[in-house]
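Here the structure is a predicted model, which means the values were calculated and not measured. Each chain gets a letter, A, B and so on, in the order its sequence line appears, and its residues count up from 1.
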2 protein chains.
Amino acid sequence: MTSVYSGSGDPKRSIELLWGIQERPRRGPKPRLTVDGIAAQAIAIADAEGLSALSMRRVAAELGVTAMSLYSYVPGKAELVDVMADRVFGELAAAGDEPEGWRAGLELVARRSWDLYLRHPWLLQVATSRPLLGPNVIAKYDQELCAVAGTGLTVIEMDLTVTLVANYVHGAVRGAIEAAQAEQRTGMSDDVWWEQYAPLLEKVFDAERYPTAAAVGPVAGEELGAGDPARAFEFGLERLLDGIEVLIRGRAGEAADRDRV
Amino acid sequence: MTSVYSGSGDPKRSIELLWGIQERPRRGPKPRLTVDGIAAQAIAIADAEGLSALSMRRVAAELGVTAMSLYSYVPGKAELVDVMADRVFGELAAAGDEPEGWRAGLELVARRSWDLYLRHPWLLQVATSRPLLGPNVIAKYDQELCAVAGTGLTVIEMDLTVTLVANYVHGAVRGAIEAAQAEQRTGMSDDVWWEQYAPLLEKVFDAERYPTAAAVGPVAGEELGAGDPARAFEFGLERLLDGIEVLIRGRAGEAADRDRV
DNA sequence: CGCGATCTCCATACAACGTAGAGAGTTAGA
DNA sequence: TCTAACTCTCTACGTTGTATGGAGATCGCG
């Protein structure tokens, strides 16, 4: 989770970075690089090998400069990650037209977010709470809110609903990515891993003490096995939207009641 | 997220560690430490200062030994974190008696998990997908499944439902913890931070382009401001349980239909 | 009893990390 | 042309996890 923190630096500098307002330096040698170029290279590394492989030295090396050169473009690693995150959120905006109706809208929001995380798993480890108010993050927020506009929900409820979907997707995609990475990291498929693990576990696991786990675990493992976090995502999304529908129907009912009076 | 990986090591060794089956060494000097003691110290550090402050040297120093001593108890840092996680999950088992009914049960599961993460925020960064099948993790899984047993859901659905709740809580608590840590890290309350940020943002933010965000953002900020991720959690939990209720009601209906036929 | 296998613990070492500091070299405004 | 401002590099410091090898303690076995 969240192993890279953002917004530690000067807010003014961060805003300039994220929004690309770098007043052209008047003197000195022409910059060989750009913030966008650096961010793009960093994103490529993080996508391919994860955040742990992302180092200033590595990014610099691939750009043909030394690590310290980067510090004339970016105050530090944390701010670079902020830029990376905002750039990557930009992919969401490009994604086609909005469907009709809040349910299809929210579903699309969730799916787009899911896909985005799968493309950029390192995003899960970036703290997005406080700052990071880059142009693309704001666009994303707006896009999400639009999906639940006109449903009769209060403004606060709209925000809460959008947050709920975001939180759920985050949690679900984390499971999916962990599973995928576990396989990649250990070089062992889930099946193979279980084959090794199961006999060892049997020796210590007390089936009588945990009858429910003993009954469900193997079946769930068998059926869902080998990376069906995608199915878990679908299942959860359906339930989530059902729950939101209950709320929205209730609001509509209230409105109807008021009209009747 | 997830910045510490687990299960890279030998499964047999991991199982022994997690379940405490260390066959007493017959020869050599008496160990000065125990795995549990090491884990406890490590947990204390991580609780107080976060996973990033947790280093082998640090743990060792507080136990009065050198870093390398720890390696005779634990194969590496990853495995130590595994043990830490399992130990900490043990707190869930101790938590009182189970309520009647699936809804109250699931709600309690969610709340207990929420509380646990708040007590041990570093848990968010530990990959829990593959191994980690320590005694307490299994107990937790059993406890959660029990909450949805006897609802008419299939075994698979029980697993999916429990996963759904876990995923949601994970996502929600992440938001809460990030907000809290942002405040602590920057030494700035959300309000103060916004005061600094807002005027800068106004210069670059185009309210006409994003009318919904412009309308909702300030209100949500005002009302929810200063760390009400707790409220977001409550709101989301309610929706989630409503959604699950739709499913369970549906299953009950199907059963009734079958009985009628 | 005493030898040797086996263990714990320590000191040292290595590569990699983010980045501070100082200096070399380039450019444009005065 | 002079100089302020800028980019880029080199070196260095304090971290990190952990590989390696050795010193000393302890027990099983002869």
Next item on the list: Name the closest nucleotide to the A/Pro29 side chain, picking from C/dT12, C/dT19, C/dT26.
Entry: C/dT26

Item checked: Ring geometry between B/Phe233 and B/Tyr168 (parallel below 30°, tilted from 30 to 60°, perpendicular above 60°) -> parallel

Margin query: If you compare every side-chain N and O of A/Ser69 against the phosphate oxygens of D/dT9 (OP1, OP2), does one of them come in below 4.0 Å?
Written below: yes

Next item on the list: Figure out the CZ/P separation between A/Arg27 and C/dA30, and round it to whole Å.
Entry: 7 Å

Check: Does B/Met84 reach the side chain of B/Val126, with side-chain heavy atoms less than 4.5 Å apart?
Finding: no

Notebook entry, point to check: Between atom CE in A/Met68 and atom C1' in D/dC8, what is the gap in whole Å?
Noted result: 10 Å

Check: Using a cut-off of 4.0 Å on non-hydrogen atoms, how would the nucleic acid contact of A/Ser55 be classed: base, sugar-phosphate, or nothing?
Finding: sugar-phosphate

Margin query: Around atom CZ of A/Arg209, are there more than 12 heavy atoms from other residues, nucleotides or ligands closer than 6.0 Å?
Written below: no

Next item on the list: Take atom CD1 of A/Ile45 and atom P of C/dC17, then tell me their distance rounded to the nearest Å.
Entry: 10 Å

Margin query: Just to be sure I understand the rule, does A/Arg32 reach a base, reach only the sugar-phosphate, or reach nothing, if contact means heavy atoms closer than 4.0 Å?
Written below: sugar-phosphate

Notebook entry, point to check: Could a donor-acceptor pair under 3.5 angstrom be found where the side chain of B/Arg58 meets the base of D/dT15?
Noted result: no

Note to self: What is the distance, to the nearest angstrom, from the OH atom on B/Tyr73 to the P atom on D/dT18?
What the structure shows: 18 Å

Margin query: Heavy-atom nearest nucleotide on DNA chain C for A/Arg57 versus B/Thr66: which residue maps closer to 5'?
Written below: B/Thr66

Check: Rounded to the nearest Å, what distance is computed from the CG atom of residue B/Leu51 to the C1' atom of nucleotide D/dG17?
Finding: 14 Å

Check: Between A/Leu63 (CG) and D/dT9 (C1'), how many Å, whole number?
Finding: 16 Å

Next item on the list: For B/Tyr71, report the nucleic acid contact type (base, sugar-phosphate, nothing); a contact means any heavy atom under 4.0 Å.
Entry: base

Checklist line | Separation of C/dT19 P from A/Leu54 CG (nearest whole Å) | finding: 11 Å

Margin query: Against B/Arg87, only a single residue in B/Asn136, B/Asp82, B/Asp36 fulfils side-chain hydrogen bond (donor to acceptor under 3.5 Å, both in side chains); can you say which?
Written below: B/Asp36

Check: Want to settle it: does B/Ala53 or A/Leu33 sit nearer the 5' end of DNA chain D, counting the closest nucleotide to each?
Finding: A/Leu33

Notebook entry, point to check: Does the side chain of A/Tyr141 come under 3.5 Å of the side chain of A/Asp159 through a donor N or O and an acceptor N or O?
Noted result: yes

Checklist line | Interatomic distance, B/Met56 CE vs D/dA19 C1' [rounded to whole Å] | finding: 13 Å

